[in-house]
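A short write-up of the structure that comes next.
Computed from a prediction, not measured in an experiment: that's the story for all the values here. Atoms within each ligand, like the ligands themselves, are counted from 1 in listed order. Residue numbers run from 1 in the order of the sequence given.
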Amino acid sequence: TNTELELVNVTASWDEGIGELFEKIKQENKADDPPNGDTGLFFTNLYVTPVLKNIGLYLEKGKMLAVAGSTGSGKSSLLMMILGELVPSEGKIRHSGRISFSPQTSWIMPGTIRDNILFGLAYDEYRYTSVIRACQLEEDLALLPEKDKAPLKEGGVTLSGGQRARIGLARAVYKDADLYLLDSPFTHLDIVTEKEIFERCLCKLMSSKTRVVVTSKLDHLKRADKVLLLHNGMCYFYGSFSDLQAQRPDFSSLLLGLEAYDNINAERRTSILTETLRRVSVDE
Ligand code: ATP
């Protein structure tokens, strides 16, 4: 098939490992302790709090999935699960090939800017220049006397939040992969830069790549091929943006009615999204 990523009724819990350990201890204690203690109840409660519940989706090769949702709804956990860091307790995940992952906050290693983008891969001038341009790093580098050979950390260049974010994105994009997982790549970027990078990098440079992007911008949700809306670890909606308007009219009219939504900062946007999802989840 042409499907690059598929999740079938996937449920996962972060504390499952700990939960299993406690289950074991509980079983062992049962052997010598008299029954009817309340330890069983305590451990059972610890055991069952899935961070993601019954999630299903598929993404074809070369398509973009935008993941949005309320605070703590499991957006990052979803990426960790695709990466294999969070193992589902139920359901199936299928994807083929190599993954490139960009975390919410990228780790900067001591070394030059170029080292931090290549991250151990061979330097390919054409690829490197394309990525630098698409991630809007050209101007930043032009201002440095040592350009991309400028050392970071330990007496070197101190990065702004936005520069750090763009280097993190450049690193993820430079790596050749089949599936790109980008966790909130636009944090700390101003509106204009964000728009440029979304266009040039995510839409153009990566146009043939399969992309999963955590973002709360309506503009991005509209441009993505598929949208996943998470609330409390559950799928509130999965489909195209036009399906969203048809299937979740209350949610859509509330959010689309907010003129300035896309132009306010990401933190406030997430609060609004959280509040909106709470309201419509209660209503429906
Ligand atoms: P935000 O909007 O704050 O970025 P999110 O939607 O990305 O949140 P997650 O970061 O996936 O949500 O968090 C969902 C739940 O999973 C939270 O309760 C969080 O504490 C927990 N969690 C996230 N990552 C881990 C981890 N690596 N280990 C253990 N628990 C985690």
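Proximity of atom 17 (C) of ligand 1 to the protein is not indicated, since no non-hydrogen protein atom lies closer than 4.0 angstrom. Distance check for atom 12 (O) of ligand 1: a protein heavy atom is found below 4.0 Å.
For the side-chain contact (heavy atoms from CB on, under 4.5 Å) test with Ser77, the passing option among Val51, Leu230, Ile82 is Val51; the others fail. Each of His188, Gln136, Lys217 was compared with Glu194 under the side chain to side chain donor-acceptor pair (under 3.5 Å) criterion, and only Lys217 meets it.
The main-chain N or O of Ala177 is found under 3.5 Å from a side-chain atom of Tyr180 such that the two form a donor-acceptor pair. The backbone N or O of Leu179 lies less than 3.5 Å from no partner atom in the side chain of Lys209, so there is not a single donor-acceptor pair.
Here the heavy atom of the protein found nearest to atom 9 (P) of ligand 1 is Ser77 OG, 3.7 Å. At the top of the distance list for atom 27 (N) of ligand 1, counting protein heavy atoms only, stands Trp14 CH2, 3.5 Å.
A distance below 6.0 Å separates the ring centres of Tyr236 and Phe251.
Residue-to-ligand polar distances keep Thr270 apart from ligand 1: every N/O pair is separated by 3.5 Å or more.
Each of the atoms 4 (O) of ligand 1 lies under 4.0 Å from some heavy atom of Gln104. Taking every non-hydrogen atom of Val51 and a distance limit under 4.0 Å, the qualifying atoms of ligand 1 come out as 14 (C), 15 (C), 16 (O). Annotation for ligand 1: atoms under 4.0 Å from non-hydrogen atoms of Ser76 are 5 (P), 7 (O), 10 (O), 11 (O).
When Lys75, Met80, His231 are checked for heavy-atom proximity to atom 2 (O) of ligand 1, Lys75 turns out nearest. When the heavy atoms of Ala68, Ala12, Gly72 are ranked by distance to atom 3 (O) of ligand 1, first place goes to Gly72.
Between Tyr174 and Tyr128, the angle of the ring planes goes over 60°, which puts this pair in the perpendicular group of the 30/60° scheme.
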- Task: List the steps, then state whether side chain to side chain contact (heavy atoms under 4.5 Å, CB included) holds for Arg200 with Arg133.
- Result: CA-CA 8 Å; Arg200 293 175 66 178; Arg133 286 205 184 119; 3.8 Å; yes
